[in-house]
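Encoded as structure tokens, the structure appears first; notes follow it.
Both backbone and side-chain heavy atoms feed into the values below; hydrogens, waters and symmetry mates do not. Throughout, protein chains are lettered first and strands after them, A, B, ... in sequence-line order, and every chain is numbered starting at 1.
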Amino acid sequence: MTGFDEDDAFEAAARPLSARAMAARPAPYLDTLNSAQRQAVETLEGPVLMLAGAGTGKTKALTTRIAHLLNTGRARPNEILAVTFTNKAAREMKTRVGALMGHAVEGMPWLGTFHAICVKLLRRHAELAGLKPNFTILDTDDQVRLLKQLVVASGLDEKRWPARQLAGLIDRWKNRAWGPGAVPVAEASAFDGRGVALYAAYQERLKALNAADFGDLLLHVVTILQTHPDVLEQYRRWFRYILVDEYQDTNVAQYLWLRLLAGGHHNICCVGDDDQSIYGWRGAEVGNILRFEKDFPGAQVIRLEQNYRSSPHILSVASGVIAANTGRLGKTLWTDAEEGEKVRLIGHWDGEEEARWIGEEAEALQRGTRSLRPFSLDAMAILVRASHQMRAFEDRFLTIGLPYRVIGGPRFYERLEIRDAMAYFRLAVSPADDLAFERIVNTPKRGLGDKAQQKIQTAARDLGTPLVEAARRVLQGGGLTGKGAAQLRVLLEALDRWHAEVLNPTQSHVELAEIILDDSGYTAMWQADKSPDAQGRLENLKELVKALEEFENLQGFLEHVALIMDNESDAEEPKISIMTLHAAKGLEFAVVFLPGWEDGLFPSQRAMDENGLKGLEEERRLAYVGITRAEEICTISFTANRRVYGQWQSALPSRFIDELPEDHVEVLTPPGLYGGGYGASAPGVEQRAARADVYNSPGWRRMQARAGQPAPRAMVIEAQPVGFTAGDRVFHQKFGYGTVMGLEGDKLDVEFDKAGAKKVVARFVTAADRAGDVPF
DNA sequence: TAAGTAGCCCTAGGT
DNA sequence: GGGCTACTTA
């Protein structure tokens, strides 16, 4: 089927648009917009770039624009293509358009995430990509396991060449819309020279399994549009208006996809903020938004600069920080709001003290003793750079009984028990799902260990059948005996029963799901488990079954889960939120804490090592995103000492702190700096206390500035990140002294005197003659 | 085959 | 420090 659904068909649309437009209803929603927003809503024809700074009412403008398109009769709901990155954003957009129109928006079938829309397109044209319309979507876990098999089969040492790394490589290639044949020579030799060959083999396997991974969803569609002009033409005519949210986060494949589809009517409106581009590591190209005017000739650029979120001090600090970046499109945020409090800056001795101080501060703000009014914990957030920073806060808050929630922990559907259960469901729906079978043959334990599984694998390969069928044959042929054989027989019989039930239902799919979990022994397995998290897992399984109720059948549910992840836990008592800076994008809080502003942690050493100045600038945008989350009170902090991977390390304040505009910052002095309690007898304590004090004295930053380049700050070095050459003597904390034998990227081959030959990351060693200077 | 232990790595994370 | 994998042991 290559055609369109009947109700989507617009071909009869030689309809007089102007007449429809004249019938448009009044548009009261326009009166609630400021002039820039209004311009963004009313400039409907031709390419538009809406540069929307943080907190400037971007979503409002975007949703009003859709409402306006519908209201003026310029497009029918199914002629608008509106793309977001997350399901959450898509959902919000749908809701808000509905609210604007005063009724639920039916038939906006093309409002969704890039991936959801691509699935829809790909199902229609699957055969053009060598797939069947009912292809399955693999998640990252499946992907890695498949790749692992290929790596092993190719004779590579899977330890030296981890499948996860290959998965990352292939993802990057797919993000750039490179099929196996299009990977440039320079990159093709990655992964021990076999990168591309493995990529090609992987794509073959996927085809054979009738499966696609996330990257494929886009790649296949782009390829189809590129190679089938007739298909492209259909969609070009169909999508009269295209809207894109978070354009600064698009990767090359998404960009190509958009350009192809917008090539007909040219009515594409991209919304974004180059200063909030923080997903470069995931393949996003800031270049897409910077190049917009070139890519789409005649484009109009509309800037949304009035900020409705943050106080003037907070905005000034944010602007001051981001000003250090180069190549920006440039925006000047302004606000009518009252002056409010300055951004607060405070240094601490170590991470525990930082957590203690923030905990007390949160309580004081909650009581209202630290501010003009009390704040709910719901209005407070702690935004960290790296997830391992979260633990100190969790520990502290558990101790003092401060309610908190961690946003972005392991996703519901990524949990072990959910994945297991899903594998059972998948097998019931499609018995040929080998990956699912592998996952659950021996879960719960059925006495089918590696050996038994290998037999089945071999049989499958020899017979050319799926694993389930192969297992059946192995049993019949007496290849397995004893307990394992008996239990395998039980499993296979159960699978048959479940599959028959899927084909010819005699009961609801919810009941079937319960039966599957019970009959398989999976529920019993967790009931018998006495570890503390078993109870929680059982509850998750119950939740899973409950979630099934909203779907017509298991198939529908599986598709949904493949694409969707968020389960918003309902709000109970007020809680302070802990999350990463990345997770905070798009959110806002009255009170924001930004801990851990230390060089190496933030900006992250790794970001700088791997991406140099580009990496540093992305880190700076992350700082900008963090600060602009705050409405009223924003507190930045850093510590003099931090435990990293169990080792104490002294740290220097982040270079971003030097960039905070002084007039808008208040430097706080933490209590108890001299109070001891940190082993006052330990050597060096006075020194370190003195230094910590310097960070906290009112003039410390000026002193730093005057001193010129302070201390051994981590440097951004573009060309030569390593700094060692073969023959250098080095010292490693764990392995001792050694000699550099060779270089490979940021890794060194070192022959250690005692520990022998090792590969170590360059920054973990120091030149041997300097070793004595380095405090460990 | 299952339980126990040693070695290894370690940003950010939606679909 | 902690979580995961791979290897070793009962």
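Atom CG of A/Asn175 and atom P of B/dA12 are 19 Å apart (whole Å). The nearest whole Å value for the distance from the CG atom in A/Asn611 to the P atom in B/dA12 is 15 Å. One interatomic measurement links the two molecules: CG of A/Asp171 to C1' of B/dG14, which rounds to 11 Å at whole-angstrom precision. Regarding A/Arg606, its CZ atom lies at a distance of 13 Å from the P atom of B/dG13, rounded to whole Å. The separation between A/Leu581 atom CG and B/dT11 atom C1' is 11 Å, rounded to whole Å. A/Gln647 has its CD atom 13 Å from the C1' atom of B/dC10, to the nearest Å. Following rounding to the nearest Å, A/Leu138 (CG) and B/dG14 (P) show an atom-to-atom distance of 19 Å. What separates CD of A/Gln254 from C1' of B/dG14 is a distance of 10 Å, to the nearest Å.
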Heavy-atom protein contacts under 4.0 Å, nucleotides 2-10 of chain C, coded B base, S sugar-phosphate only, - none: S---S----
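Using a 4.0 Å heavy-atom criterion, one finds that A/Glu619 contacts the bases of the nucleic acid, with or without backbone contacts as well. Contacts of A/Gly484 with the nucleic acid, taken as non-hydrogen atoms under 4.0 Å apart, are absent. Within 4.0 Å of A/Ala607, counting heavy atoms only, lies at least one base atom of the nucleic acid.
Among B/dG13, B/dT11, B/dT15, the nucleotide with an atom closest to any side-chain atom of A/Glu610 is B/dT11. The nucleotide whose nearest atom lies closest to any side-chain atom of A/His582 is, among B/dG13, B/dG14, B/dT11, B/dG13. Nearest to the side chain of A/His115, among B/dA2, B/dG14, B/dT11, sits B/dG14. Proximity note for A/Ala386 (side chain, C-beta onward) versus B/dG13, B/dA2, B/dA12: the nearest is B/dA12.
Not less than 6.0 angstrom separates the ring centroid of A/Phe85 from the ring centroid of A/His115.
Judged by ring centres under 5.5 Å apart and planes tilted less than 30 degrees, A/Phe85 fails to stack against the six-membered base ring of B/dG14.
A/Phe114 pairs with exactly one of A/Tyr255, A/Trp257, A/Tyr247 by the ring-ring contact (aromatic ring centres under 6.0 Å, His included) rule, that one being A/Trp257.
Dashed line: the shortest gap from a side-chain N or O of A/Thr140 to OP1 or OP2 of B/dT15 is not under 4.0 Å. Within the structure, every side-chain polar atom (N or O) of A/Thr580 is placed at least 4.0 Å from both OP1 and OP2 of B/dT11. Dashed line: the shortest gap from a side-chain N or O of A/Asn87 to OP1 or OP2 of B/dG14 is not under 4.0 Å.
Remark: A/Asp420 engages A/Arg439 in a salt bridge, criterion side-chain N to carboxylate O under 4.0 Å. Ion pairing between A/Asp142 and A/Arg426 holds under the 4.0 Å rule for side-chain N and carboxylate O. A salt bridge does not link A/Glu285 to A/Arg176: none of the charged side-chain nitrogens sits closer than 4.0 Å to a carboxylate oxygen.
Residues A/Asn641 and A/Trp349 form a side-chain contact, since some pair of their non-hydrogen atoms from C-beta on lies under 4.5 Å apart.
Figure legend: cation-pi geometry between A/Arg621 and A/Tyr624 absent, as NZ or CZ is not positioned both under 6.0 Å from the six-membered ring centre and within 45° of its axis. A/Phe656 does not carry A/Arg620 over the face of its six-membered ring by the limits of under 6.0 Å from the centre and within 45° of the normal.
For A/Glu618 and A/Phe214, each mapped to the nucleotide of DNA chain B holding its nearest heavy atom, the one lying further toward the 5' end belongs to A/Glu618.
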